Amino acid sequence: MRDSARDRLIVGLDVSGRGEAERLVESLGDTVVWYKIGYQLALSGGLPLVGELARAGKRVFLDLKLLDISNTVEKGVESALELGASMLTIHAYPHAMRAATSAAEGSDLTLLGVTVLTSLDDADVAATGYRLTIPELVALRASQARDVGMGGLVAAVAEAPEIRRIVGPQMAVVTPGIRPVGSDHGDQKRVATPADALAAGASHLVVGRPIVAASDPKAAATAILAEMAAAN
């Protein structure tokens, strides 16, 4: 786990098209190393950016949350490897994680199991049919991800300390839902500050709207990096 704040901040390119993403990356310059590409950008022509960013010395967290039959997951992971992604998310169902780790074996791709989305609370989880609380479900999925050889997990900051206890110091713990003090929570229900995330054991912090929607994204990213550095 690297300690540099720049190596631990992932900026979510949650924008409507490739042009907007390219302008944002250019404006952030050397301030940011990691970028997240999710459904919004991927489905509006943004997938070629994975390779372009990788060739420019950036690292890409491809947040596609794969979940399907094993063969389809394996082929999806193989495609992510060809694109040049550094991280890829898989919904933390045992069969999907086993398929993903098999496909990524021998590569540098870090596979991340998605535990419970930060936009959900206990009532949402119960409505899907689970009889477990969020902490119980996260703990179960963390132990399953560890046992099948995943590279890390994605979870809210509130669950990060227990995940770290389960998986140990080597696996990545990536925390979305990061909001600097005083910022709007948006549609996230389980949020935390950068300092809270680092104290909880997070290896990487995903920040989207507080940077992407800022009038000066570079200044916003710089302020978050300073907050992270002060908390280390």
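FYI, side chains are in, hydrogens and waters are out, and symmetry mates aren't considered; it's all heavy atoms of this structure. In this text, all values refer to a predicted model and were calculated from it rather than measured experimentally.
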Verify, without hydrogens or angle tests, whether [X] (side chain) and [Y] (backbone) share a donor-acceptor contact under 3.5 angstrom.
{"X": "S102", "Y": "R98", "result": "no"}
{"X": "D124", "Y": "D121", "result": "yes"}
{"X": "S44", "Y": "S16", "result": "yes"}

Are the side chains of [Y] and [X] in contact, using a 4.5 Å heavy-atom criterion?
{"X": "L117", "Y": "K65", "answer": "yes"}
{"X": "P94", "Y": "V148", "answer": "no"}
{"X": "M150", "Y": "L112", "answer": "no"}
{"X": "D14", "Y": "R209", "answer": "no"}

Please lay out, stage by stage, how F61 and H204 fare under the test side chain to side chain contact (heavy atoms under 4.5 Å, CB included).
CA-CA 11 Å; F61 167 24; H204 298 79; over 6 Å; no

Could you tell me whether D30 atom CG has more than 12 heavy atoms of other residues or ligands within 6.0 Å of it?
no

Mind listing the closest non-hydrogen atom pair of A145 and L153 along with its distance?
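Looking at all heavy atoms of both residues, the shortest contact is CB-CD2, 3.7 Å.
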
Looking only at the side chains, is there a donor atom on one of D122 and T133 sitting less than 3.5 Å from an acceptor on the other?
no

Strictly below 4.0 Å, N to O, side chains only: are [X] and [Y] in salt-bridge contact?
{"X": "D216", "Y": "K218", "value": "no"}
{"X": "R165", "Y": "E162", "value": "yes"}
{"X": "R18", "Y": "E52", "value": "yes"}

Kindly compute the distance separating [atom1] ([X]) from [atom2] ([Y]), expressed to the nearest 0.5 Å.
{"X": "L205", "Y": "T175", "atom1": "CG", "atom2": "OG1", "result": "4.0 Å"}
{"X": "E227", "Y": "T193", "atom1": "CD", "atom2": "OG1", "result": "5.5 Å"}
{"X": "L67", "Y": "T89", "atom1": "CG", "atom2": "OG1", "result": "11.0 Å"}
{"X": "L53", "Y": "L13", "atom1": "CG", "atom2": "CG", "result": "7.0 Å"}
{"X": "T115", "Y": "H91", "atom1": "OG1", "atom2": "NE2", "result": "10.5 Å"}
{"X": "L24", "Y": "Y35", "atom1": "CG", "atom2": "OH", "result": "6.0 Å"}

Set out, in order, the CA-CA distance, both residues' side-chain angles and the distance that settles side chain to side chain contact (heavy atoms under 4.5 Å, CB included) for R8 and L198, then state yes or no.
CA-CA 10 Å; R8 302 175 72 175; L198 294 176; 3.4 Å; yes

Take V25 and V11 through the test side chain to side chain contact (heavy atoms under 4.5 Å, CB included) and record every step on the way to the result.
CA-CA 9 Å; V25 170; V11 173; over 6 Å; no

Could you tell me which residues satisfy side-chain hydrogen bond (donor to acceptor under 3.5 Å, both in side chains) with Y39, sequence neighbours excluded, listed by chain and number?
none

